[in-house]
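Contents: one structure, followed by commentary.
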Protein chains: 2
Amino acid sequence: MGYNLKEIPFFSKMSEENIKRLSSISFFKKYHADELLFYEGDEPKYLYILLDGVLRLYKTSPKGQEIYIHQFVPTSMIGELANFENIKFPASAKFITSGTILKIEYKKLEEDFFKNPEICMQIIRSLTTKVKILSNVIHQEMILTSEAKVAQFINEHSELFENIRNNQIAAILNVSPETLSRTLGKLKKDGIISIDKKHAVTIHDTEALKILYS
Amino acid sequence: MGYNLKEIPFFSKMSEENIKRLSSISFFKKYHADELLFYEGDEPKYLYILLDGVLRLYKTSPKGQEIYIHQFVPTSMIGELANFENIKFPASAKFITSGTILKIEYKKLEEDFFKNPEICMQIIRSLTTKVKILSNVIHQEMILTSEAKVAQFINEHSELFENIRNNQIAAILNVSPETLSRTLGKLKKDGIISIDKKHAVTIHDTEALKILYS
DNA sequence: CGATACATTGAACAAATTCAAAGCTGGTGG
DNA sequence: CCACCAGCTTTGAATTTGTTCAATGTATCG
């Protein structure tokens with residue numbers, strides 16, 4: 001498969017013996033773009049380590065629209081909460097690109113490894129990251145207006161405009177393409193940004209953008 | 001003060017020696033109702049253990065309104081994220097009732113106790129709880145409509161109506177009192193619930209309520 | 001009992017989505 | 001190479017969901 005447990009940052013400090021045990025309760029699996037890793041409401045069975053690819057976490061509204069939560073990049077631990085608490089997954093996850101996952105049988109991991117302080121620290125780190133992610137989602141969705149979200153996104157990820165369409169940016173920001181279009185229009189009209197033929201953004205007034213979201 | 005570190009569930013299994021060390025880097029403090037424990041944007045210094053009272057976590061919108069996140073009851077660990085990541089508090093916390101907090105100097109805790117598996121497990125448990133809380137907040141605020149929020153609240157906390165005013169329930173649900181009033185009115189009209197003189201709710205049709213939020 | 005806070009109701013307002021139509025664009029096959 | 005067309009983007013209008021405002025009615029607690 002080309003992957004080795006020793007090379008995974010989470011387990012790099014692990015003893016040979018533990019690596020062997022870990023390899024006996026886990027396996028690698030490849031996924032292609034658009035493939036689902038798990039669906040909101042699924043029962044958890046594996047702890048996932050994302051080794052390659054981009055994985056999008058999202059919820060589905062009653063009307064069927066995807067609500068973007070986060071995109072994970074390697075190396076990330078995924079699914080601790082649902083496994084830990086033995087609750088159904090509160091969100092869905094699908095691959096945006098092709099990718100690779102290490103699937104670890106959670107029950108056995110729990111039996112064998114939870115006394116291992118190194119593993120505990122990794123789990124703490126991963127949980128901390130999640131709390132931060134969710135805390136940010138709450139801030140963005142409950143505190144910021146659409147304009148504020150767009151302004152923040154431009155300041156923090158302006159380079160992405162060259163690579164992805166407004167379409168996808170709107171999905172990431174959880175606003176409609178129309179709202180994004182109108183907001184970008186307004187920012188251009190106000191001389192705060194401009195967008196060239198290649199869809200690259202130039203920021204003329206970083207401070208003005210910052211004011212919009214702080 | 002009437003409090004003893006040994007009696008705090010988080011530390012009940014700790015050795016005498018560690019308890020002594022812990023007591024040297026921590027102290028108890030009483031708070032009265034409405035007092036702030038920390039404010040959004042504050043730099044963290046202490047890890048907090050809520051021993052008594054009800055503590056409300058909330059964010060403040062640009063327009064100055066409080067957005068309810070959660071209410072903690074004893075015994076809860078509070079502030080791990082901000083301390084761990086050394087970031088400013090992403091929300092504010094104030095006491096709803098009077099209460100007591102154990103304040104632990106975080107830096108020293110980190111030095112001394114992070115190798116202690118028992119402490120690690122407590123931190124993991126606390127972080128897991130937080131992820132669940134935030135995950136629920138996201139579900140409630142981004143997925144559910146006002147009606148759905150009210151329906152869920154009634155099914156899960158109908159007993160609270162006898163004790164607190166619609167006013168406060170609206171604040172907990174992050175809806176305006178007017179919206180709550182109108183929604184309750186609708187549910188009464190539809191014969192799903194009724195509310196008596198004592199402000200106690202009777203549910204006539206649990207299933208109808210459930211459908212509204214699932 | 002009376003003042004003050006809380007609840008209810010209707011109307012106006014706000015923010016963003018949805019719908020619809022028209023204008024662009026950029027990747028593909030000829 | 002370029003013409004085409006499906007999929008974006010843009011724009012305006014209508015709609016939706018809930019808040020805010022205002023007025024009136026009703027509890028509640030010294």
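Note on naming: letters A, B, ... go to the chains in the order of the sequence lines (proteins, then strands), and numbering restarts at 1 for each one.
- Taking the six-membered ring for Trp and thresholds of 30 and 60 degrees, Phe84(B) and Tyr106(B) have ring planes inclined between 30 and 60 degrees apart.
- Following rounding to the nearest Å, Asn167(B) (CG) and dT19(D) (P) show an atom-to-atom distance of 14 Å.
- Taking for each of Lys63(A) and Leu184(A) the nucleotide of DNA chain D with the nearest heavy atom, the 5'-most of the two is the partner of Leu184(A).
- Put simply, CG on Leu180(A) is 16 Å from C1' on dA15(C), counting in whole angstrom units.
- Atoms CD (Gln65(B)) and P (dA15(C)) sit 13 Å apart, rounded to a whole Å.
- Rounding to whole angstrom units, NZ of residue Lys198(B) and C1' of dT28(D) are separated by 14 Å.
- Distances from the side chain of Arg165(B) to the nucleotides dG18(D), dA7(C), dA16(C) place dA7(C) closest.
- Take the nearest nucleotide of DNA chain D for Ser181(A) and for Thr145(B): the residue whose nucleotide is more 5' is Ser181(A).
- Side-chain N/O atoms of Asn166(A) include one lying less than 4.0 angstrom from OP1 or OP2 on dT10(D).
- Looking at Glu178(B), its side chain has no donor and acceptor atom pair within 3.5 Å of the base of dC6(C).
- Atom CG in Asp196(A) sits roughly 12 Å away from atom P in dT25(C) (whole-Å rounding).
- In this structure, Lys197(A) and Asn174(A) both approach DNA chain C, and ranking their closest nucleotides by distance from the 5' end singles out Asn174(A).
- If you check the side chains of Thr129(B) and Ser126(B), you find no donor sitting under 3.5 Å from an acceptor.
- If you check the side chains of Asn166(A) and His199(A), you find a donor sitting under 3.5 Å from an acceptor.
- Separating the NE2 atom of His199(A) from the C1' atom of dT25(C) is a distance of 12 Å, rounded to the nearest angstrom.
- Between Phe161(B) atom CZ and dC6(C) atom C1' the separation is 15 Å, expressed in whole Å.
- Rounded to whole angstrom, the span from the CD1 atom of Ile195(B) across to the P atom of dT26(D) amounts to 16 Å.
- Cation-pi geometry between Lys6(B) and Phe11(B) is not satisfied (NZ or CZ under 6.0 Å from the ring centre, within 45° of the ring normal).
- Stacking of Lys103(A) on the aromatic ring of Tyr46(A) is recorded, both the 6.0 Å distance cut-off and the 45° axial limit being met.
- Side chain Arg182(A) to base dT18(C): a donor-acceptor pair is found below 3.5 Å.
- Using a 4.0 Å heavy-atom distance criterion, Thr179(A) is classed as a base contact.
- Base contact: Ser176(A) has a heavy atom under 4.0 Å from a base atom.
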